[in-house]
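Take a look at the structure set out below.
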Amino acid sequence: MATTATTTTHIPFSPPLSKLSSPHNHYHHFKVSILTPTRIPTLRIQAMGDQLGEFGARDPFPAEIESAFAEKVLGNVDTEHKILIPTVSALSLSQQECTPISPLQDPMSKDDAQKLLKKVLGWRLLDEEVGLKLQCLWKLRDFKCGVELVNRIYKVTESCGHFPDVHLEQNQVRAELWTESLGGLSMTDFIVAAKIDEIKTSDLVPRKRVWA
């Protein structure tokens, strides 16, 4: 049985600098002990406190400064850096906030609704006399699980102030979304549908059979 010996390998580790951190921050070194078999040649790395300073954080040599190397690469010292905040359109539907709906606005067109339908899972588009609707069905283990799902849907939609029409039948839940004041769909309906999609249902749906 081969014996093993503990070889201490010193590896200097510096976390990456964030865009807002100071270039003069100092970082601690982490010491990693690696257990290696005695038959394998061991390697001792000793790279702490060398003349170059931290990896990736040293001052340029005089010859490098004279060569004006910084002007030949991207990211010069006077480069302007901007932190861009994502716009609402860049956020997923579930991250957007529901805004008040004006009764004067027009309902969403069917073409726009079909494009947004790709961003919600399990929902389908209904074209009824009252206008376009979103509908989703869940098959659950039993009636008790159906009641639990209805409660979870209510908790998610409560903060939005826009509630779906929910139907509970034995072990099945059906939810329908539309904006009644517009006679069709609005962006709010898709935002609420995306938030409902994030509800955990794995503990409510029927369990898969496992065959021995």
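Values below: all heavy atoms of this structure, side chains included; hydrogens, waters and symmetry mates excluded.
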Look up atom CZ in Arg174 and atom CD in Glu169, then write down how far apart they are to the nearest 0.5 Å. 5.5 Å
Side chains of Ser92 and Gln95, donor plus acceptor under 3.5 Å: yes
Give me the atom names and distance for the closest heavy-atom approach of Ala175 to Trp138. CB-CZ3, 3.6 Å
Kindly work out whether a path of hydrophobic side-chain contacts (I/L/V/M/F/W/Y, heavy atoms less than 4.5 Å apart) joins Phe163 to Leu93. no
Atom pairs and distances, side-chain donor-acceptor, residues 145-156, under 3.5 Å, sequence neighbours left out:
{"residue": "Glu148", "atom": "OE2", "partner": "Arg152", "partner atom": "NE", "Å": "2.9"}
{"residue": "Asn151", "atom": "ND2", "partner": "Val147", "partner atom": "O", "Å": "3.3"}
{"residue": "Arg152", "atom": "NH1", "partner": "Lys200", "partner atom": "O", "Å": "2.6"}
{"residue": "Arg152", "atom": "NH1", "partner": "Asp203", "partner atom": "OD1", "Å": "3.2"}
{"residue": "Arg152", "atom": "NH2", "partner": "Asp203", "partner atom": "OD2", "Å": "2.9"}

Closest heavy-atom contact between Val120 and Ala194? CG1-N, 3.9 Å
Which atom pair, heavy atoms only, marks the closest approach of Glu97 to Ile191? O-CD1, 3.8 Å
Can you see which heavy atom on Trp123 is nearest to which on Leu117, and at what distance? O-CD1, 3.5 Å
Hydrophobic cluster identity match, Val173 and Phe143, side-chain contacts under 4.5 Å: yes
Would you call Leu116 and Met108 a side-chain contact if the rule is heavy atoms closer than 4.5 Å? yes
Same apolar cluster: Met187 and Ile196, side chain cutoff 4.5 Å: yes
What are the two closest non-hydrogen atoms of Pro107 and Leu182, and how far apart are they? CG-O, 3.6 Å
Test side chain to side chain contact (heavy atoms under 4.5 Å, CB included) applied to Lys133 and Leu125, Leu126, Thr179, Leu177, the passing residue: Leu126
Among Asp165, Thr188, Leu132, find the one that has a side chain to side chain contact (heavy atoms under 4.5 Å, CB included) with Trp178. Asp165
Checking side chain to side chain contact (heavy atoms under 4.5 Å, CB included) for the pair Asp142/Gln170: CA distance, chi angles, key distance, verdict? CA-CA 7 Å; Asp142 49 36; Gln170 296 182 356; over 6 Å; no
Could you check whether any side-chain heavy atom of Leu137 comes within less than 4.5 Å of a side-chain heavy atom of Gln172, counting everything from C-beta outward? yes
Heavy atoms only: give me the nearest Ser186-Asp189 pair and the separation to one decimal. N-OD2, 2.8 Å
I want to check something: taking the side chain as every heavy atom from C-beta on, are Lys110 and Asp127 in contact at a cut-off of under 4.5 Å? yes
Do Asp197 and Ser94 have a side chain donor and acceptor closer than 3.5 Å? no
Straight-line distance of Gln96 CD to Cys160 SG, nearest 0.5 Å: 11.5 Å
How long is the straight-line distance from CD of Glu180 back to CD1 of Ile101, given to the nearest 0.5 Å? 11.5 Å
Hey, does Cys136 have a side-chain heavy atom less than 4.5 Å from the side chain of Arg124? no
